[in-house]
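The structure appears right after this line, and notes come after that.
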2 protein chains.
Amino acid sequence: MAANSRLTVATHALAWLALAHRRGHEVLTSEQVAASVKSNAVIIRRSLGDLRRAGLVEVRHGAGAGWRLARAPEEITLLQVHDAVDARPPFALHHSEPNLECPVGRGIRPALSGVYGRVEGAMRRELAGATVADVLRETLTS
Amino acid sequence: MAANSRLTVATHALAWLALAHRRGHEVLTSEQVAASVKSNAVIIRRSLGDLRRAGLVEVRHGAGAGWRLARAPEEITLLQVHDAVDARPPFALHHSEPNLECPVGRGIRPALSGVYGRVEGAMRRELAGATVADVLRETLTS
DNA sequence: CCTCGCTGCAACAGTTTCTGTTACACCCTG
DNA sequence: CAGGGTGTAACAGAAACTGTTGCAGCGAGG
């Protein structure tokens with residue numbers, strides 16, 4: 001159960017907010033979003049809270065409270081969503097520092113950091129090329 | 001401690017095998033590799049076992065046992081290493097199936113799979129562009 | 001002003017994954 | 001055939017994520 005579904009949950013929530021708004025619902029509550037994702041309302045609030053801190057959604061308190069997008073779905077990329085909810089890199093270096101008396105142990109960390117940085121850059125470029133509007137459009141055609 | 005350092009450990013082991021071979025050591029034992037990585041010999045045997053099943057290293061049993069590369073370090077890409085030791089994708093879909101009565105819940109999984117597949121493809125292309133020889137060269141220049 | 005619905009957040013349990021450790025059977029070179 | 005090293009299973013500990021409960025706080029509307 002430990003695999004990262006945060007980007008999935010957050011994107012699902014955003015797409016649902018976008019569709020509901022288009023259908024005339026001003027806001028959705030975390031319960032309503034949780035019903036579509038089939039998850040817990042607290043999980044959804046945690047995720048939407050991250051998105052709020054990143055400026056991607058807005059929240060309304062009091063009676064008639066709920067969430068809505070803070071900007072058009074065409075202007076929210078999955079990279080922004082990823083950075084908002086999950087900042088963990090795909091690869092980690094050594095847990096304990098390698099043996100510095102070995103030439104490989106001494107120099108391998110910067111060498112691997114370079115490779116990992118390029119991999120992460122490629123990943124980010126791909127995520128930046130997809131928006132919530134793209135996902136929603138593809139979602140509705142299937 | 002749960003972050004994935006498997007690709008790091010395996011690449012470190014391969015680079016060390018390559019350098020030791022160049023220096024005249026026919027094979028290295030898992031203890032010798034563990035001394036450079038500063039990890040446990042069993043961890044190294046697990047990692048090298050994965051690489052052996054992928055055909056990237058060879059093992060010799062009996063007295064004078066140990067490990068060596070099965071091919072030139074220029075012909076081992078980090079993508080092969082990654083596939084040998086760690087087949088887990090960076091993003092997961094929903095843990096429990098979303099609500100199929102919601103239009104978003106119904107269609108979002110294939111939509112996200114498409115995006116995630118493109119991201120993974122970009123990652124794999126980048127990993128395929130770096131070899132153990134590249135990493136070793138960069139390691140020794142720092 | 002007060003009520004009520006929803007958010008915000010802390011605390012905790014359960015699951016999974018990964019590293020590390022011990023133990024032991026097995027293999028094969030010398 | 002002896003001994004060093006591999007192969008593998010079993011288990012402990014740490015970390016991350018999801019899920020759950022509980023409760024304080026906010027504010028729109030009566």
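None of these values were measured; they are calculated from a predicted model. Chain A is the first sequence line, chain B the second, and so forth, proteins listed ahead of strands; every chain is numbered from 1.
- For the pair A:Arg45 and C:dT7, the criterion of a side-chain N or O lying under 4.0 Å from OP1 or OP2 is met.
- Judged by closest nucleotide on DNA chain C, B:Asn40 is the one of B:Asn40 and B:Arg60 placed further toward the 5' end.
- The phosphate of D:dT6 has OP1 or OP2 within less than 4.0 Å of a side-chain N or O from B:Ser30.
- Atom CD in A:Gln32 sits roughly 14 Å away from atom P in C:dG5 (whole-Å rounding).
- Between B:Arg6 atom CZ and C:dC18 atom P there is a gap of 5 Å when expressed in whole angstrom units.
- Applying the side chain to side chain contact (heavy atoms under 4.5 Å, CB included) test between A:Val81 and each of A:Asp86, A:Val135, A:Leu51, A:Leu127 identifies A:Leu51 as the sole match.
- Candidate nucleotides D:dT20, C:dC28, D:dG27 were compared by shortest atom distance to the side chain of A:His61, and D:dG27 ranks first.
- If you take CD of A:Glu31 and P of C:dG8, they are 14 Å apart, rounded to a whole angstrom.
- Looking at A:Arg46, its side chain comes within 3.5 Å of the base of D:dG19 through a donor and an acceptor atom.
- As rounded to whole Å, 14 Å separates atom P of C:dT7 from atom CD1 of A:Ile43.
- The residue among B:Ser96 and B:Gly49 whose nearest nucleotide of DNA chain D lies closer to the 5′ end is B:Gly49.
- Between A:Ser39 and D:dG19 there is a side-chain N or O to OP1 or OP2 distance below 4.0 Å.
- A donor-acceptor contact shorter than 3.5 Å links the side chain of B:His95 to the backbone of A:Ala3.
- Nearest nucleotide to the side chain of B:Val42, out of C:dT7, D:dT18, C:dA23: C:dA23.
- Ring pair B:Phe91/B:Tyr116 is tilted by interplanar angle, where 30° to 60° counts as tilted.
- Taking atom CZ of residue B:Arg68 and atom P of nucleotide D:dG5, one finds them 17 Å apart after rounding to whole Å.
- Rounded to whole Å, atom C1' of D:dG4 lies 16 Å from atom CG of B:Leu28.
- Checking side-chain atoms of A:Gln32 against main-chain N and O of A:Thr29 turns up a donor-acceptor pair under 3.5 Å.
- For A:Ser5 and D:dC17, the shortest distance from a side-chain N or O to OP1 or OP2 is not below 4.0 Å.
- One interatomic measurement links the two molecules: CG of A:Asn4 to P of C:dT17, which rounds to 13 Å at whole-angstrom precision.
- For the pair A:Arg88 CZ and C:dC18 C1', the interatomic distance rounds to 11 Å; values are reported in whole Å.
- B:Ala63 comes within contact range of at least one nucleobase, with a heavy-atom separation under 4.0 Å.
- Under the 3.5 Å distance criterion, with hydrogens and angles disregarded, a donor-acceptor pair is assigned to the side chains of A:Asp134 and A:Thr131.
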